[in-house]
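In what follows, every heavy atom counts, from backbone to side chain, and hydrogens, waters and symmetry copies are set aside. A quick note: this is a predicted structure, and the numbers were derived from the prediction, not measured.
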Amino acid sequence: QVQLAESGGGSVQAGGSLRLSCAVSRSHYTVGWFRQAPGKEREGVAHIYTASGRTYYTGSLRDRFIISRDIDRTTLYLQMNNLRPEDTATYYCAAASKWVFPQRESDYEFWGTGTQVTVSS
């Protein structure tokens with residue numbers, strides 16, 4: 001697997017914000033973010049189809065998180081606002097060279113090594 005490069009994780013207090021970044025390729029058709037909290041399975045967070053710009057969010061995360069990519073489609077972002085302690089997790093960037101169901105992890109060919117986000121109360 002080709003590793004993607006994430007950045008932007010860190011530690012914040014509840015209510016704070018962080019922006020994650022990930023270097024992707026223009027050839028990636030579906031890109032997105034997953035997260036894994038301690039003792040839990042990895043879950044989808046937000047995804048985007050780069051050609052159309054259509055986005056997909058898991059549950060109510062759309063109320064606080066925003067996924068976007070730059071105009072060159074080479075950088076993927078995840079703006080996280082009003083962070084909560086339950087958002088504490090390792091966040092992974094993922095990419096697929098074709099259209100995939102956004103939360104189907106097995107369809108993503110490329111993964112980052114993860115960036116830690118810690119939210120304290």
Exercise. Answer yes or no: is there a donor N or O on one side and an acceptor on the other, between the side chain of E6 and the main chain of L20, under 3.5 Å?
Key: no

Quiz item: Can you find a pair of side-chain heavy atoms, one from T30 and one from K98, that are under 4.5 Å apart?
Solution: no

Quiz prompt | Results of side-chain contact (heavy atoms from CB on, under 4.5 Å) for D63 - residues two or more places apart only | solution = S60

Self-check item: Under 3.5 Å donor-acceptor, T75 side chain and D70 backbone
Solution: no

Exercise. Please answer whether the main-chain N or O of V31 pairs with a side-chain N or O of T50 as donor and acceptor at a distance below 3.5 Å.
Key: no

Quiz item: What are the two closest heavy atoms between C93 and L76, and how far apart are they?
Solution: SG-CD2, 4.0 Å

Quiz prompt | Side chains of V24 and R73 in contact at under 4.5 Å (non-hydrogen atoms) | solution = no

Quiz item: With a 4.5 Å limit on heavy-atom distance, are the side chains of Y108 and H47 in contact?
Solution: yes

Quiz item: Other than W99, which residues form its hydrophobic cluster under the rule that side-chain heavy atoms must be closer than 4.5 Å?
Solution: Y29, Y49, F101

Let me check something: any side-chain donor-acceptor pairs from residues 32-40 under 3.5 Å, sequence neighbours excluded? List them with distances.
unit_1 : atom_1 : unit_2 : atom_2 : d
W33    : NE1    : Y77    : O      : 3.4
R35    : NE     : E43    : OE2    : 2.7
R35    : NH1    : D87    : OD1    : 2.9
R35    : NH1    : Y91    : OH     : 3.0
R35    : NH2    : E43    : OE2    : 3.2
Q36    : NE2    : K40    : O      : 3.1

Quiz item: Residues two or more places apart in sequence or in another chain: which of them pass salt bridge (Lys or Arg N to Asp or Glu O under 4.0 Å) with R19?
Solution: none

Scan the side chains in residues 79-86 for donor-acceptor partners under 3.5 Å anywhere in the protein, sequence neighbours excluded, and list what turns up.
unit_1 : atom_1 : unit_2 : atom_2 : d
Q79    : NE2    : N81    : OD1    : 2.9
N81    : OD1    : S17    : OG     : 3.1

Practice problem: List in chain and number order the residues that pass side-chain contact (heavy atoms from CB on, under 4.5 Å) with T118, two or more places apart in sequence or in another chain; answer none if no residue qualifies. | Solution: S11, T88, Q116

Quiz item: Any side-chain heavy atom of I48 within less than 4.5 Å of one from R69?
Solution: yes

